[in-house]
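Below, each value reflects all heavy atoms present in this structure, side chains not excepted, and no hydrogens, waters or symmetry copies. Chain A is the first sequence line, chain B the second, and so forth, proteins listed ahead of strands; every chain is numbered from 1.
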Amino acid sequence: MKSMYIHIPFCNSICSYCDFCKMYYEEDLVLSYLDALKKEIDRFYQKETLKTLYIGGGTPSHLSKACLTKLFKIIDTFPLDINYEFTFECNIEDLSLSLLTFLYHHRVNRLSIGVESFLEKNLTFLNRHHTKEEVFKKIVLAKQVGFSNISIDLMYALLNETLQELEKDIDFALSLDVSHISLYSLIIEEHTKIQIEQIEPISEELDLKMYQFIEKKLEQSGYIHYEVSNYAKKGFESKHNLVYWNNDVYYGFGLGASGYIGDVRYTNTRSLNHYLKGNYRYQEEKLSKEIKMSNEMILGLRKLEGIALDDFQKKYEKRVEEVYDIKDLLDSKSLEIEKGYLRIPKDKIYVSNAILVRFV
Amino acid sequence: MQENIRNFSIIAHIDHGKSTLADRILEITGAVSKREAKEQLLDNMDIERERGITIKLNQVQLQYTYKETEYYLHLIDTPGHVDFSYEVSRSLAACEGAILVVDAAQGVEAQTLANLYLAMEHDLTIIPVINKIDLPNADIEKVKKELVNELGFKEEEIILTSAKNGTGIKELVEAVIDRIPAPKGDKNKPLQGLIFDSFFDSYRGVVVTTRIMNGEVKVGDTIRFMETGATYEVTELCVMTPKEKQLQKLSCGEVGQVVASIKAIQDVRVGDTFTLDKNPASLPLPGYQPMKSMVYCGIYPIESTKFDDLRDALDKLKLNDASLVYEPETSKALGFGFRCGFLGLLHMDIIEERIEREFHIDLIATSPSVIYQVTLTDGSEIEIDAPTKLPDRQLIKEIREPYVKTSIFTPSEYIGPIMELCQNKRGEYVGMDYLDTTRVNIHYDLPLSEIIYDFFDRLKSSTKGYASFDYEIAGYRKSDLVRLDILLNGELVDAFSTIVHKDFAYSRGRAIVEKLRSIIPRQLFEVPIQASIGAKIIARENIKALRKDVLAKCYGGDITRKRKLLEKQKEGKKRMKQVGSVEIPQEAFLSVLTMDDK
């Protein structure tokens, strides 16, 4: 069984913080793109049953009816596992009764919705074009159509953001009563609008306070903190994203997408011209056992639960302690072992890079 | 022929155009074509170029036909900093004359004088040159007046040049032939070769640069180094033109290089004399001095596995830098390293930089120290060259530190700032001489330990570079000194310990902990930094714990980027030294040297 990610790199508006592979929406281009996408999938996909499928972007929800139909013509043929999870990324302003119904009838069973914030000031800064009222309306609509697994993205540590503002955002988010919330501290990535404008990040101290506040508040409200930036109600952890963090294999299709099949991690080209000509792959790397183990640690320790030591041993025929000298990390409580799991303690997750460098 | 040889060097204040002038002389004598004349050909080490100073001596033989006679001109390059005055004096001893270069815009400066005095001590014929006359702000008349009125040259002796566009170079070369005497010395006397430089060549061993003062040496001769007594058979003789030219012999008056498969680098010392083993000279040439180190510091490899490489590097540097001394030492914080002695702070800087650059060893240097004399309560006497070696206070009856007598030459408008600087450095005012209406010579007695910090830099900055200073050791004086220790996370880091005057201990301690707090990056836990004298904590700061060091988002494709990010972070860690549980960047150790204690 496999997983699959499909990238739709088209947007009608570019967010100020986004460094993903994206471009402005143009109907003709999208149609050609979908042709190339079909060819890529046909060439590499072995028709395995999929346990998770994720369509991200870009803004897949912005596809026109014609494009959407074309895309799902490809997808409708995929065999899905009985417990499959099929996520579709959406913008608030794209959510309509017709779109939601379409998705629902084409087997999508999870929506990932970019809410980011409820406050006008933040939304302007991020260059997002919805309002708080719209968010409430659209989430209710999605639920009415029948979606019970809804995830929303929120961002914090935004320009001059205060703890009080964050508290408001979190209160609004909780009132939506969705099954999954991702909360990302703003990363100022290169070549983004906010980096070019030299936006100053908020202080490390405040950032940590916000993180701690979020964790406390969401846990009180019945969400489980299961990954650095992810919270879910019990049983609603993202199966697809756990594939990444468990260092499992998955297909990645589309412009700029990455995948991990067999021993090879690959990245697709970000050039639409190359992609349309069928030159999909930009980079392929056959991973050594060392790199695989290292990835297993770097990714696995993002999960609050940590890494199952037995699983590691089964997978690599070596115990973690044989491969890495972690005694001092355990002594200084930068790592802990409990019930067969090795993990970064909760209070150190926010400085995990300083610990993860030991595994590269 | 001995009478057709001229041995000379060029002396100048820093940046007055010495190296460019040398390049032009090389060009006009056809030693190098314009095309191959890399800028500043004689300075062949990167560091020299970057700092604009010459550290290593170099020599080159030039041929020039003048009045139908072929002349051999040996240009001997000299280092330009006070730390290297012994090396300068040895290379000047190899010359009969010197070109004194003065910048047409800047005029006579401190180093001009210092170098001129050195040259005069060696009884050299001086040719005064005003260079850079092409500069728009050149004031040739004023500089001429300085040379005539202050330095006592005759106006008609002065040659005007522009090394940049070649003006006056021919006249200068011919003046070298006309005015500088041919070398003296007797070809028939027993061999006396003055070693004024040496360097290590991995194929040929130690290469000795020499001026033959008497007699001659041939390939196949067995030579003996008079100071060390070592003997070797000469396998090669050559001269740089600047390409290497093999010779069968070097005779009285000539300058060249001797190769003799010398592997033991300690056998060759700058300033020593070599002679023939069979027919030795009765006495060595005068002027040899074993080097006296003024400043000591510990040098450690960041990676402890590089200790042997470091020893190797020091051995090789020692070859062309007789003044470098070192012996192994151990630090609790830093592991195995060397206690090294230097002529001064610049010398220390240069050696450290050369080790890092030429031998690719990342270093940590501890704060420099002078030699202290300590009388213990039981009456015994010890000498201390490292703060960590200072015994417990209860065991000490008295500590004495070296003082120097300084002469600070300065235009009179800077008297105020200089006196303030000296007072802050525990100086004792001795007196002041007016040289003329605008220049003074200020005398202070200062502790050497205060000078080795940043005295020179401060003097320069408070006088816009006009003041210069000279010092001589003036014996030891009793001082109220204490050892200032630094504790990180409660553990004493010996590499940060310094010996300071009790009155300054508090402010120095404060300054060090503040500086360390700003340099040491946040760690996973809070790290207290304390300064202490004995058991008494006199200053404290905290490095806050790291708050955020995480990648918020990491999905499918991000793993490759995430790895790169972590790899970069790990690379940064490599430049840090783990001391106890704390990671300390290299700069932290250096920062203690440049404290700004007002």
**OP:** Going by the side-chain contact (heavy atoms from CB on, under 4.5 Å) test, name the single residue among A:Val351, A:Val228, A:Ile344 that passes it with B:Val550.
**Re:** A:Val228

**OP:** Would you check if A:Ser258 and B:Thr560 make a side-chain contact, meaning some heavy-atom pair closer than 4.5 Å?
**Re:** no

**OP:** Identify which of A:Tyr266, A:Trp245, A:Tyr54, A:Tyr211 forms the greatest number of heavy-atom pairs closer than 4.5 Å to chain B.
**Re:** A:Trp245

Original post:
Quick one: do A:Asp19 and B:Arg561 make a salt bridge, cutoff under 4.0 Å?
Top reply: yes

Original post:
Which answer fits A:Tyr156, side chain, backbone, both or neither, if we ask what part of it has an atom under 4.5 Å from a heavy atom of chain B?
Top reply: neither

**OP:** Under 4.5 Å, counting heavy-atom pairs only, tell me which of A:Leu183, A:Leu299, A:Leu356 racks up the most with chain B.
**Re:** A:Leu299

Original post:
Of the backbone (N, CA, C, O) and the side chain (C-beta and beyond), which part of A:Asn230 lies under 4.5 Å from a heavy atom of chain B, both, or neither?
Top reply: side chain

Original post:
Aromatic rings A:Tyr244 and B:Tyr555: how do their planes relate, parallel, tilted or perpendicular, breaks at 30° and 60°?
Top reply: tilted

Original post:
B:Arg563 and A:Ser294: side-chain donor and acceptor closer than 3.5 Å?
Top reply: yes

Subject >> B:Lys562 and A:Asn295 side chains, donor-acceptor separation under 3.5 Å >> reply: no

Subject >> Nearest-0.5 Å distance, CG of residue B:Leu524 to NZ of residue A:Lys333 >> reply: 14.0 Å

Original post:
Could B:Lys548 and A:Glu204 be called an ion pair, given the rule that one side-chain N must be under 4.0 Å from one carboxylate O?
Top reply: no

**OP:** Output the distance between atom CG (A:Leu208) and atom CG (B:Leu546), rounded to the nearest 0.5 Å.
**Re:** 9.5 Å

**OP:** For the pair A:Ser229 (side chain) and B:Ala552 (backbone), establish whether a donor and an acceptor sit closer than 3.5 Å, ignoring hydrogens and angles.
**Re:** yes

Subject >> Euclidean distance, B:Ser581 OG relative to A:Asp331 CG, rounded to 0.5 Å >> reply: 12.0 Å

Original post:
If you tally heavy-atom pairs under 4.5 Å against chain A, which of B:Lys553, B:Lys573, B:Lys570 wins?
Top reply: B:Lys553

Subject >> Interchain contact, A:Tyr250 with chain B, by part (heavy-atom threshold 4.5 Å) >> reply: side chain

